[in-house]
Amino acid sequence: MVAPNLSGLSADYLESRMNAFLQPFSQSAHAIDHMWPISAGTDAAAKRALAEYFAGQMAPSIKLNSSSPGKSLYEQGVPPCRSCHGAQAEGSGDAPRLAGQRQEYLEAQLWAFKLHARVHGPMNFRGASFSTADIDAVAGYLAGR
Ligand code: HEC
């Protein structure tokens with residue numbers, strides 16, 4: 001199973017993701033399969049409390065590898081990933097932390113954005129041009145490889 005690491009993500013992002021699983025046409029079948037029943041069975045106050053619990057945990061400690069082939073993909077492009085996700089992929093505003101996320105999860109999300117199985121305008125736009133090699137490289141960079 002390709003589940004994300006939740007520690008250290010922002011509470012607002014975690015809460016918005018939990019609510020997103022209730023909109024099945026905007027999320028991948030894999031995400032809906034696992035998360036719809038959990039989201040539907042959790043009320044708003046409990047979602048917020050869970051989001052704050054995970055946001056309060058330490059984010060994965062990781063140093064991005066500056067010689068990774070995925071670094072230039074992360075830093076270049078229109079618009080560059082780092083303009084939203086931060087120079088060290090630490091996350092900023094609506095754009096979540098990516099540094100230290102599991103590589104398989106990152107790859108699955110980039111495929112889901114590319115194929116519009118997970119709907120989010122900027123990510124669908126940016127993901128559309130990615131090749132398999134690009135996805136492997138940028139996910140590897142963010143996972144610290
Ligand atoms: C214009 C701003 C913007 C740019 C540029 C951008 N992203 Fe994102 N990205 C976002 C936002 C906002 C989200 C949260 C989407 C949501 O709420 O579903 C996101 C989500 C993601 C996710 C899912 C993370 C998770 O925890 O599920 C991945 C992976 C990702 N972006 C990778 C990238 C990569 C790699 C690039 C560059 C190729 C990139 N993003 C460029 C704004 C951006």
Side-chain angles (χ1 to χ4, degrees), residues 1-40 42 44 47-48 50-145:
M1 182 170 50
V2 189
N5 189 344
L6 304 180
S7 307
L9 291 171
S10 83
D12 286 350
Y13 176 69
L14 289 165
E15 187 179 31
S16 101
R17 289 299 293 147
M18 280 192 280
N19 289 324
F21 299 126
L22 298 176
Q23 299 156 17
F25 298 110
S26 71
Q27 303 298 317
S28 72
H30 181 257
I32 294 299
D33 190 29
H34 289 91
M35 291 304 299
W36 188 91
I38 294 171
S39 184
T42 308
K47 280 187 182 129
R48 185 70 203 174
L50 283 163
E52 282 174 4
Y53 170 75
F54 285 109
Q57 305 226 317
M58 213 189 304
S61 139
I62 183 178
K63 186 162 171 8
L64 296 176
N65 174 2
S66 58
S67 54
S68 167
K71 184 180 194 304
S72 60
L73 284 170
Y74 186 77
E75 296 191 339
Q76 292 156 22
V78 185
C81 317
R82 74 167 174 189
S83 67
C84 296
H85 290 279
Q88 296 301 313
E90 69 279 19
S92 168
D94 291 350
R97 174 186 182 85
L98 302 173
Q101 189 50 273
R102 297 192 175 110
Q103 181 162 350
E104 305 91 310
Y105 175 77
L106 292 166
E107 287 174 9
Q109 298 318 299
L110 290 168
W111 276 106
F113 288 126
K114 180 179 170 68
L115 301 173
H116 287 241
R118 177 173 169 184
V119 177
H120 183 268
M123 288 308 307
N124 298 136
F125 173 78
R126 192 63 182 83
S129 61
F130 267 33
S131 67
T132 305
D134 291 340
I135 288 175
D136 290 353
V138 81
Y141 171 62
L142 295 166
R145 300 211 161 80

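Remember, it's 1-based here, ligands and their atoms both numbered in the order they're listed. The basis for the numbers below is simple: all heavy atoms, side chains too, and nothing from hydrogens, waters or symmetry mates.
Listed by chain and number, the residues in a side-chain hydrogen bond (donor to acceptor under 3.5 Å, both in side chains) with K71 are E75 (sequence neighbours excluded).
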Show me the donor-acceptor pairs, under 3.5 Å and distance only, between side chains in residues 77-94 and residues at least two apart or in other chains.
| residue | atom | partner | partner atom | Å |
| --- | --- | --- | --- | --- |
| S83 | OG | P80 | O | 2.7 |
| H85 | ND1 | P96 | O | 2.8 |
| E90 | OE1 | Q88 | N | 2.9 |

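For the atom pair CG of N124 and NE2 of H116, the computed distance is 4.0 Å after rounding to the nearest 0.5 Å.
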For this session: Would you check, one step at a time, whether the test side-chain contact (heavy atoms from CB on, under 4.5 Å) holds for Q23 with V119?
Result: CA-CA 10 Å; Q23 299 156 17; V119 177; over 6 Å; no
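Salt bridge annotation for R48-D12: present, with a cationic side-chain nitrogen under 4.0 angstrom from a carboxylate oxygen.
Here side chain to side chain donor-acceptor pair (under 3.5 Å) pairs that include residues 53-69, with residues two or more places apart or in two chains, are Y53-Q57, N65-S67.
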Would you mind writing out a table of all protein N or O atoms found under 3.5 Å from any N or O atom of ligand 1, naming both atoms and giving the distance to 0.1 Å?
| residue | atom | partner | partner atom | Å |
| --- | --- | --- | --- | --- |
| ligand 1 | 7 (N) | H85 | NE2 | 2.8 |
| ligand 1 | 9 (N) | H85 | NE2 | 2.8 |
| ligand 1 | 18 (O) | R118 | NH2 | 2.8 |
| ligand 1 | 26 (O) | Y13 | OH | 3.1 |
| ligand 1 | 27 (O) | Y13 | OH | 3.0 |
| ligand 1 | 27 (O) | Y105 | OH | 2.5 |
| ligand 1 | 27 (O) | R118 | NH1 | 2.8 |
| ligand 1 | 31 (N) | H85 | NE2 | 2.9 |
| ligand 1 | 40 (N) | H85 | NE2 | 2.9 |

